[in-house]
There are 2 protein chains.
Amino acid sequence: MSNIYEIAKKVGLSPSTVARALSGRGYCSEESRKKVLEAAKEVNYSPTHAAKTLKSKRTNKILFCIPDIYNPFYFGMIKGANDVLEKYGYYTLLCYTKHNIEEELKMIEALREKYGDGMIFVSFNFCEKNISAVNASKMPVVLTNRYDSPRGEDYFDYVYIDTYKGVQLATRHLVDQGHRKIAFIGGNLEEQTSFERYSGWKDELINSGLDPDDSLVYEGDYTIDSGYACAEKIVKSSNVPTGIVAANDLMAIGFIRYCGDNGIKIPHDFAVAGMDNTDFSSVLKLTSVDMRQEEIGLNAASLLMERVLGGRTYKKTIRIEPRLVVRESSITNK
Amino acid sequence: MSNIYEIAKKVGLSPSTVARALSGRGYCSEESRKKVLEAAKEVNYSPTHAAKTLKSKRTNKILFCIPDIYNPFYFGMIKGANDVLEKYGYYTLLCYTKHNIEEELKMIEALREKYGDGMIFVSFNFCEKNISAVNASKMPVVLTNRYDSPRGEDYFDYVYIDTYKGVQLATRHLVDQGHRKIAFIGGNLEEQTSFERYSGWKDELINSGLDPDDSLVYEGDYTIDSGYACAEKIVKSSNVPTGIVAANDLMAIGFIRYCGDNGIKIPHDFAVAGMDNTDFSSVLKLTSVDMRQEEIGLNAASLLMERVLGGRTYKKTIRIEPRLVVRESSITNK
DNA sequence: TTGAAAGCGCTAACAC
DNA sequence: GTGTTAGCGCTTTCAA
């Protein structure tokens with residue numbers, strides 16, 4: 001298309017004067033500036049991102065990797081981060097990684113190639129593979145989960161919600177409602193976050209003097225459908241609980257949906273608690289743990305900017321407290 | 001960090017040979033190639049995106065602008081597009097524009113600066129402002145809505161679902177169920193899509209010999225909350241309908257939620273139909289119009305690739321037919 | 001098969 | 001206040 005040389009020729013000035021006029025940096029007379037801007041408009045000029053970046057080493061873009069856009073949970077996080085990044089003149093580009101490590105690695109590679117100045121990285125499965133890629137990139141990265149390498153040689157920050165504590169809150173709440181048999185619908189326990197949530201359930205039952213029976217643990221994949229499938233298994237099992245803690249709202253919704261389809265009453269037959277406290281949990285009157293997504297995003301973006309603009313190089317971490325929001329789905333004795 | 005010169009020095013070859021070895025294009029002996037790749041690994045090399053782009057004029061990235069990530073509606077579209085783009089080795093970067101034209105213009109500007117090779121552009125409000133920016137960019141763009149400039153000088157494609165027809169399907173269905181007073185919960189009628197949907201309702205009532213009374217039109221903003229608010233207005237109005245057509249599922253959900261909160265029975269008191277046919281509509285047994293999001297995304301990506309890779313320059317458009325999915329919320333006489 | 005060299009379009013230090 | 005110039009890191013043509 002058009003470039004500064006074309007404009008320079010048009011107005012009879014040198015390319016550097018044109019660059020100065022356009023950028024606003026460096027000396028340039030009012031008269032020249034006016035001519036340049038006019039010519040730029042005429043030839044429909046806009047700077048080439050790649051050329052700018054190659055020189056300035058700045059893209060003013062942040063990559064935001066999320067495993068799952070369909071899950072309303074991430075909305076708050078994105079909003080929180082976006083609000084901060086916008087203030088610094090940064091654009092947020094979302095990368096949908098589909099819970100897939102290959103996709104994550106692709107985006108880490110894009111970061112490494114300096115397609116963005118930094119990355120906010122959400123994943124359900126931080127592991128040796130993606131973390132070492134993050135470290136190798138040597139680029140500013142903030143995780144939205146807890147992760148510390150064994151050898152403590154991490155180049156990233158993290159801000160995390162204490163999900164372990166969150167599941168404990170939900171579990172304790174059901175215990176307090178008088179439930180003695182409380183099932184847990186979680187995800188793949190080999191994934192870090194899933195394991196944490198599972199542990200919260202288990203430990204809280206132990207704290208309460210109850211038995212965290214493994215036959216009460218059901219594995220879903222954080223979708224409505226998997227919650228639905230677990231519900232069927234639970235109802236038809238030989239060890240039917242009275243309380244249900246689901247590791248996210250979608251699975252809780254799936255559970256409730258199965259009950260609706262089969263004449264089972266919530267909270268009469270099952271007291272149900274989910275996690276994430278999305279708008280949908282309020283529609284369905286679902287007791288849920290507020291994971292304070294917006295604060296996570298906000299803090300993540302702030303940490304990132306400290307590295308990108310402030311040049312901080314040491315690791316910083318932030319912990320955020322979850323909150324329980326009680327609604328009808330768990331109130332048995334009313 | 002590291003570049004091809006560093007590698008060249010390390011292995012005692014020229015930068016151009018290193019470049020050939022790395023890219024796989026051009027001649028290079030097996031031996032040299034091996035040495036280069038090894039050295040590259042050693043110095044933790046990865047190419048600089050900006051430099052590559054500056055030469056090659058290719059980013060291998062597509063920008064995907066969506067007004068609202070919180071709305072599950074877009075999930076299918078993104079998935080459909082992503083599946084196609086992936087096959088071509090392209091990355092999809094999502095840009096969340098918050099229903100905000102300023103954000104849209106920012107992303108169009110990023111495209112214009114060639115931050116990506118093309119753009120899929122979703123908006124509820126295609127207008128002179130954003131369309132002329134799209135045209136001015138002269139970059140490959142596909143809209144997911146119908147839009148033709150009066151003067152027919154468009155540089156973009158579009159693929160659209162016939163929402164007008166969709167609302168007609170929903171409206172006709174309620175008419176067929178015997179309803180005579182059917183309200184419409186829509187969005188801001190100044191937005192093109194909102195107006196189309198409104199027209200579908202209006203025209204179908206007229207086709208059915210009914211009166212499209214303006215007092216039966218309620219304005220929301222496509223959120224659950226606005227559906228809830230409209231429900232309250234509808235219930236308390238002096239002209240209470242028996243059928244409700246909502247311009248999307250979220251507003252229908254809001255409507256249903258209000259009813260739930262106030263002892264009003266669906267479908268007994270109101271027959272409700274929404275649009276988008278998301279997973280949530282099936283949870284709530286909501287009759288809804290399937291907008292075939294995945295096909296939209298798929299077709300949009302294909303059109304885009306025809307321009308980006310195939311060099312097509314003339315305009316192409318694709319129309320997709322909606323489908324009505326009937327569920328309990330609208331079946332009055334069962 | 002390899003290397004030299006000329007850019008891609010912009011920035012910024014430096015000289016005028 | 002303006003112009004010259006030397007890159008940024010890669011690609012690619014052309015000559016060797």
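All values derive from a computational prediction rather than experimental measurement. Every chain is numbered from 1 and lettered A, B, ... according to where its sequence line falls, protein lines coming before strand lines.
- Residue B:S14 places at least one side-chain N or O closer than 4.0 Å to OP1 or OP2 of C:dG3.
- For A:K61, the NZ atom sits in a packed shell: over 12 heavy atoms of surrounding residues, nucleotides or ligands are nearer than 6.0 Å.
- For the pair B:N3 CG and D:dT11 P, the computed distance is 12 Å after rounding to whole Å.
- Residue order along DNA chain C, read from the 5' end via each residue's closest nucleotide, puts B:G26 first among A:T48 and B:G26.
- Here the C1' atom of nucleotide C:dT11 and the CZ atom of A:R25 are 8 Å apart, to the nearest Å.
- What separates CD of A:E31 from C1' of D:dT2 is a distance of 13 Å, to the nearest Å.
- For the pair B:R33 CZ and C:dT1 C1', the computed distance is 11 Å after rounding to whole Å.
- Neither OP1 nor OP2 of C:dG9 sits under 4.0 Å from any side-chain N or O of B:K114.
- Distance from the side chain of B:P47 is smallest to D:dC10 among D:dC10, D:dT11, C:dG3.
- With hydrogens and angles left out, the side-chain atoms of B:T317 and B:D157 include no donor and acceptor closer than 3.5 Å.
- At the phosphate of C:dA4, neither OP1 nor OP2 sits under 4.0 Å from any side-chain N or O atom of B:Y5.
- If you check the side chains of A:E104 and A:N130, you find a donor sitting under 3.5 Å from an acceptor.
- Within the structure, every side-chain polar atom (N or O) of B:S56 is placed at least 4.0 Å from both OP1 and OP2 of D:dC10.
- Rounded to whole Å, atom C1' of C:dA5 lies 13 Å from atom CD1 of B:I4.
- A:R20 places its CZ atom 8 Å from the P atom of D:dG3, with the value rounded to the nearest Å.
- Counting only N and O atoms by type, the side chains of A:N188 and A:S194 include no donor and acceptor under 3.5 Å apart.
- Counting any heavy atom pair closer than 4.0 Å across all strands shown, B:S32 reaches sugar-phosphate atoms only and no base atom.
- Protein atom NZ of A:K55 is 12 Å distant from nucleotide atom P of D:dA6, rounded to whole Å.
- Taking only side-chain nitrogens and oxygens, A:K57 comes nearer than 4.0 Å to OP1 or OP2 of D:dG9.
- Of the candidate nucleotides D:dG9, C:dG3, D:dT4, D:dT4 has the atom nearest to the side chain of A:S16.
- Here C:dT1 is the nucleotide among D:dT11, C:dT1, D:dG3 with the atom lying nearest to any side-chain atom of B:S29.
- The pair A:K35-A:E38 does not meet the salt-bridge criterion, since no charged nitrogen lies less than 4.0 angstrom from a carboxylate oxygen.
- D:dG7 atom P lies 17 Å from atom CG of B:L54, rounded to whole Å.
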